[in-house]
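Mind having a look at this structure? Questions to follow.
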Amino acid sequence: MNWLPQAMHVLRDELKNIEVTISSDYLPDLAETLVRGRLDLAFLRVEPGYDLGYG
(Lines give C-alpha, C1' and ligand atoms only; values in the text may rest on other atoms or scores of the structure.)
Protein backbone atom coordinates (compact mmCIF):
# COMPACT_ATOMS: atom_id res chain seq x y z
CA MET A 1 0.00 0.00 0.00
CA ASN A 2 2.98 2.31 -0.43
CA TRP A 3 1.26 3.85 -3.46
CA LEU A 4 -1.87 4.96 -1.60
CA PRO A 5 -0.63 8.29 -0.13
CA GLN A 6 0.63 9.47 -3.54
CA ALA A 7 -2.59 8.34 -5.21
CA MET A 8 -4.59 10.32 -2.64
CA HIS A 9 -2.56 13.47 -3.37
CA VAL A 10 -3.17 13.08 -7.11
CA LEU A 11 -6.90 12.53 -6.60
CA ARG A 12 -7.26 15.55 -4.32
CA ASP A 13 -5.22 17.75 -6.67
CA GLU A 14 -7.36 16.79 -9.67
CA LEU A 15 -10.77 16.43 -8.01
CA LYS A 16 -11.16 19.11 -5.35
CA ASN A 17 -14.55 17.89 -4.10
CA ILE A 18 -13.71 14.18 -4.01
CA GLU A 19 -14.77 12.15 -1.00
CA VAL A 20 -12.60 9.11 -0.33
CA THR A 21 -13.44 6.47 2.24
CA ILE A 22 -11.03 3.63 2.84
CA SER A 23 -12.42 0.48 4.39
CA SER A 24 -12.12 -3.27 4.28
CA ASP A 25 -15.04 -5.59 3.72
CA TYR A 26 -15.95 -9.13 2.71
CA LEU A 27 -15.41 -9.46 -1.05
CA PRO A 28 -19.00 -10.39 -2.06
CA ASP A 29 -20.30 -7.45 -0.01
CA LEU A 30 -17.96 -5.07 -1.87
CA ALA A 31 -19.10 -6.48 -5.21
CA GLU A 32 -22.75 -6.10 -4.22
CA THR A 33 -22.17 -2.52 -3.06
CA LEU A 34 -20.55 -1.70 -6.43
CA VAL A 35 -23.42 -3.26 -8.37
CA ARG A 36 -25.97 -1.25 -6.34
CA GLY A 37 -24.08 1.98 -7.07
CA ARG A 38 -23.18 2.74 -3.45
CA LEU A 39 -19.45 2.60 -4.33
CA ASP A 40 -17.69 3.97 -7.39
CA LEU A 41 -14.45 2.00 -7.00
CA ALA A 42 -13.14 -1.00 -5.08
CA PHE A 43 -9.96 -3.01 -5.23
CA LEU A 44 -10.91 -6.67 -5.34
CA ARG A 45 -10.27 -9.90 -7.18
CA VAL A 46 -12.71 -11.11 -9.85
CA GLU A 47 -15.92 -12.13 -8.15
CA PRO A 48 -18.02 -14.59 -10.19
CA GLY A 49 -21.70 -13.80 -10.54
CA TYR A 50 -21.36 -10.02 -10.71
CA ASP A 51 -21.41 -7.92 -13.88
CA LEU A 52 -18.42 -5.72 -13.02
CA GLY A 53 -15.59 -4.30 -15.10
CA TYR A 54 -12.13 -5.33 -13.97
CA GLY A 55 -9.00 -3.53 -15.00
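Throughout, numbering of the chain's residues begins at 1 and tracks the sequence.
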Atom pair CZ/CG of R36 and L34 - distance to nearest 0.5 Å:
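It comes to 12.0 Å.
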Between CD on residue E19 and CZ on residue R12, distance to nearest 0.5 Å:
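So the CD of E19 and the CZ of R12 are separated by 10.0 Å.
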At what distance, to the nearest 0.5 angstrom, does CG of L30 lie from OG of S23?
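Answer rounded to 0.5 Å: 6.5 Å.
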Can you measure from CH2 (W3) to CE (M8) and round to the nearest 0.5 angstrom?
9.5 Å
CZ-CG distance between F43 and L4, expressed to the nearest 0.5 angstrom
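Here the rounded value is 7.5 Å.
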Over all heavy atoms of both residues, which pair between A42 and L39 is shortest? Give the atoms and the distance, please.
CB-CD1, 4.3 Å
Are there over 12 heavy-atom neighbours, none belonging to D40, within less than 6.0 Å of that residue's CG?
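Result for CG/D40: open.
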Would you say L15 and V10 are hydrophobically clustered, going by side-chain heavy atoms of ILVMFWY under 4.5 Å?
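Not linked; separate clusters.
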So if you build clusters from Ile, Leu, Val, Met, Phe, Trp, Tyr with side-chain heavy-atom gaps below 4.5 Å, do I22 and L11 land together?
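Yes; L11 is reachable from I22 via cluster members.
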